[in-house]
Amino acid sequence: MESKFSQIIEFIREKYKTPEGIIPLHEPRFNGNEKKYLHECIDTTFVSSVGKFVTRFEEMVAEFTGAKHAIAAVNGTAALHISLLLCDVKPDDEVITQALTFVATANSIAYTGAKPVFVDVDRDTMGLSPISLKSFLTENTTFKNGLCINNTSGKRIKACVPMHTFGHPCRIDEIISICNQYNIDVVEDAAESLGSYFKGQHTGTFGKFGTLSFNGNKTITTGGGGMILTKDDELGKLAKHITTTAKVPHRWEFVHDMTAYNYRLTNLASALGCAQMEQLPNFIVQKRKLAEAYSKFFKKLEIEFITEAQNSSSNYWLNTIILKDKAEQSSFLEFMNNNNIMVRPVWQLMNRLEMYKDCQCGSLENTEWLTDRVVNLPSSVVINL
Ligand SMILES: *Cc1c(COP(=O)(O)O)cnc(C)c1O
């Protein structure tokens with residue numbers, strides 16, 4: 001196995017033209033108008049939450065994703081929080097999501113006071129499994145008076161948050177059709193899948209809401225930032241209002257008409273976002289080329305490399321391999337990190353974290369299987385691969 005591991009190091013170092021030193025998992029690329037737009041903010045003094053770049057960034061994201069409305073937020077977690085609030089998720093409700101996700105997904109549910117319920121992911125997409133969702137709902141809930149009630153807790157299941165893991169679209173059409181049968185709202189956590197499409201439609205535009213993240217390790221970055229996507233005009237307006245302190249427009253009066261949030265994205269961050277959006281199409285092309293090179297390489301090594309499922313086009317945010325078992329995963333993580341190649345396993349599962357360990361779970365067979373085998377590889381954009 002060690003000889004295979006060495007070949008992997010050689011391959012990655014060659015792709016990144018980095019014969020020695022650290023190769024990070026996913027670092028940003030600033031090769032466009034970033035400095036120009038940031039200078040413009042500073043020169044005009046518009047660095048804070050007012051400025052033309054905020055609106056321009058929202059318009060660029062709406063245009064790129066095909067979302068009717070895109071509302072900037074301070075980060076992806078805040079975008080999820082507001083989306084759930086606007087689905088009317090209440091403290092006594094429950095929200096279904098996957099255990100295999102970044103902690104933000106579960107945290108945003110907890111912020112509303114609701115409790116997460118974890119169901120399994122599909123083996124191939126690593127995203128929420130429609131089959132597991134359906135069987136959880138069939139076995140554990142009663143649908144009466146238009147509400148989906150969990151038989152165990154007696155609580156209402158109000159929403160479902162599928163996540164497009166590592167950029168690979170989950171089976172979102174089936175998930176939405178199941179949720180529709182049970183009157184469950186869908187918020188798509190598309191934090192990782194900017195530039196990924198399911199049946200030709202951008203991820204994050206299927207559900208009642210979709211959310212994006214522009215954290216430093218994501219496909220594009222604003223330093224920190226997020227976006228709420230929705231096709232609903234009223235909800236779009238409300239999302240803007242509630243993320244910007246619910247201020248009633250007036251030239252000098254300060255009137256706020258509800259308890260709301262300061263989840264505004266700054267003009268500085270948005271300026272970075274505009275420059276990054278200009279480069280996004282090329283980033284996706286380059287990321288897909290890298291994934292293709294990885295895919296061919298791992299085929300020769302007889303190691304499974306995750307490719308996009310049928311009907312999907314992935315941004316390959318984080319390239320992923322599946323190793324034989326937990327022992328091989330551990331030795332690979334050790335070997336690569338010792339050699340300054342940043343690779344990592346999937347996040348600690350949500351149902352194993354202290355604060356969520358008492359949450360109800362469906363069968364997590366694929367989730368647990370993947371946890372012991374998945375490793376993410378360096379995936380930063382290589383310009384002109
Ligand atoms: C990055 C990410 C988020 C949002 O993270 P922020 O750092 O708050 O922008 C949410 N969900 C998933 C799955 C993520 O990977």
Side-chain angles (χ1 to χ4, degrees), residues 24-28 57-58 61 70-85 95-112 116 118-119 121-122 125-129 159-170 172 175 186-196 203-204 207 209-229 239 243 261-266 269-270 272-273 276 287 306 314-320 344-351 353 356 367 370-371 374 376 379-380:
L25 193 69
H26 203 292
E27 60 178 345
F57 185 36
E58 289 174 336
V61 171
I71 300 96
V74 68
N75 56 51
T77 313
L80 279 168
H81 180 202
I82 294 300
S83 299
L84 289 163
L85 287 179
V95 176
I96 293 180
T97 189
Q98 53 203 66
L100 193 155
T101 186
F102 176 56
V103 72
T105 320
N107 281 347
S108 62
I109 295 168
Y111 296 164
T112 67
F118 301 114
V119 304
V121 293
D122 279 327
T125 69
M126 302 173 289
L128 194 100
S129 163
C160 175
V161 188
M163 198 274 279
H164 302 288
T165 307
F166 306 139
H168 296 298
C170 65
I172 188 66
I175 291 169
V186 174
V187 174
E188 283 176 83
D189 185 344
E192 305 180 355
S193 62
L194 179 61
S196 300
T203 53
F209 291 98
T211 62
L212 305 175
S213 166
F214 311 113
N215 190 39
N217 61 347
K218 295 288 171 21
T219 302
I220 67 162
T221 187
T222 58
M227 198 74 77
I228 300 167
L229 309 178
T243 48
Y261 298 82
N262 178 9
Y263 279 175
R264 294 174 298 197
L265 188 68
T266 64
S270 305
L272 212 48
Q276 290 270 284
K287 284 180 77 65
I306 304 252
S314 176
N315 66 2
Y316 288 91
W317 173 54
L318 289 185
N319 291 289
T320 306
R344 64 165 208 205
V346 76
W347 313 272
Q348 170 102 240
L349 296 179
M350 293 305 105
N351 59 308
L353 296 177
Y356 301 122
T367 301
L370 285 164
T371 297
V374 158
N376 293 136
S379 301
S380 314

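As the structure lists them, so they are numbered: ligands from 1, and atoms in each ligand from 1. Numbers here are sequence positions counted from 1.
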A.B. asks: List ligand 1 atoms under 4.0 Å from Ser213, heavy atoms only on the residue side.
C.D. replies: 1 (C), 4 (C), 5 (O), 6 (P), 9 (O)

A.B. asks: Could you check atom 2 (C) of ligand 1 against the protein and tell me its nearest heavy-atom contact, residue, atom and distance included?
C.D. replies: Lys218 NZ, 2.7 Å

A.B. asks: Go through ligand 1 atom by atom and flag the ones less than 4.0 Å from a non-hydrogen atom of Asn75.
C.D. replies: 8 (O), 9 (O)

A.B. asks: Which protein heavy atom lies closest to atom 11 (N) of ligand 1, and at what distance to 0.1 Å?
C.D. replies: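 Its nearest protein heavy-atom neighbour is Asp189 OD2, 2.7 Å.
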
A.B. asks: Which residue supplies the protein heavy atom nearest to atom 3 (C) of ligand 1, what is that atom called, and how far is it?
C.D. replies: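 Protein heavy atom at minimum distance: Ala191 CB, 3.5 Å.
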
A.B. asks: Nearest protein heavy-atom contact for atom 8 (O) of ligand 1: which residue, which atom, what distance?
C.D. replies: Thr77 OG1, 2.5 Å

A.B. asks: Ignoring hydrogens and geometry, is there a side-chain-to-backbone donor-acceptor pair from Trp317 to Ser379 under 3.5 Å?
C.D. replies: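 No; judged by distance alone, with no hydrogens or angles, the pair does not exist.
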
A.B. asks: Using only atom types and a distance under 3.5 Å, with no angle test, would you say the side chain of Thr320 pairs donor to acceptor with the backbone of Leu318?
C.D. replies: yes

A.B. asks: Is the backbone N or O of Gly167 less than 3.5 Å from a side-chain atom of Ser314, with the two atoms forming a donor-acceptor pair by type?
C.D. replies: yes

A.B. asks: Go through the steps for Phe57 and Phe214 under the test ring pair (Phe, Tyr, Trp, His ring centres under 6.0 Å), then give the verdict.
C.D. replies: CA-CA 12 Å; Phe57 185 36; Phe214 311 113; 5.0 Å; yes

A.B. asks: Between Thr101 and ligand 1, is there a nitrogen or oxygen pair with a distance under 3.5 Å?
C.D. replies: no

A.B. asks: Do Met126 and Val346 have side chains that approach each other closer than 4.5 Å (heavy atoms only, starting at C-beta)?
C.D. replies: no

A.B. asks: Looking only at distances, please establish whether an N/O atom of ligand 1 is found under 3.5 Å from an N/O atom of Trp347.
C.D. replies: no

A.B. asks: Considering both backbone and side-chain atoms of Met163, is one of its nitrogen or oxygen atoms within less than 3.5 Å of a nitrogen or oxygen in ligand 1?
C.D. replies: no

A.B. asks: When Leu229 is tested against each of Thr203, Thr211, Val61, Ile71 for side-chain contact (heavy atoms from CB on, under 4.5 Å), which residue passes?
C.D. replies: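 Result: among Thr203, Thr211, Val61, Ile71, Val61 is the only option passing the side-chain contact (heavy atoms from CB on, under 4.5 Å) with Leu229.
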
A.B. asks: Say whether Trp317, considering both its backbone and side-chain N or O atoms, lies within less than 3.5 Å of an N or O atom on ligand 1.
C.D. replies: no

A.B. asks: In the protein, which heavy atom is nearest to atom 13 (C) of ligand 1, and how far is it?
C.D. replies: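 Answer for atom 13 (C) of ligand 1: Glu192 OE2, 3.3 Å.
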
A.B. asks: Is the backbone of Cys170 close enough, under 3.5 Å, to the side chain of His164 for a donor and an acceptor to pair up by distance?
C.D. replies: yes

A.B. asks: Check the pair Thr165 / Gln98 against side-chain hydrogen bond (donor to acceptor under 3.5 Å, both in side chains), numbers first and verdict last.
C.D. replies: CA-CA 10 Å; Thr165 307; Gln98 53 203 66; 3.1 Å; yes

A.B. asks: Within ligand 1, which atoms have a heavy atom of Thr105 less than 4.0 Å away?
C.D. replies: 11 (N), 13 (C)

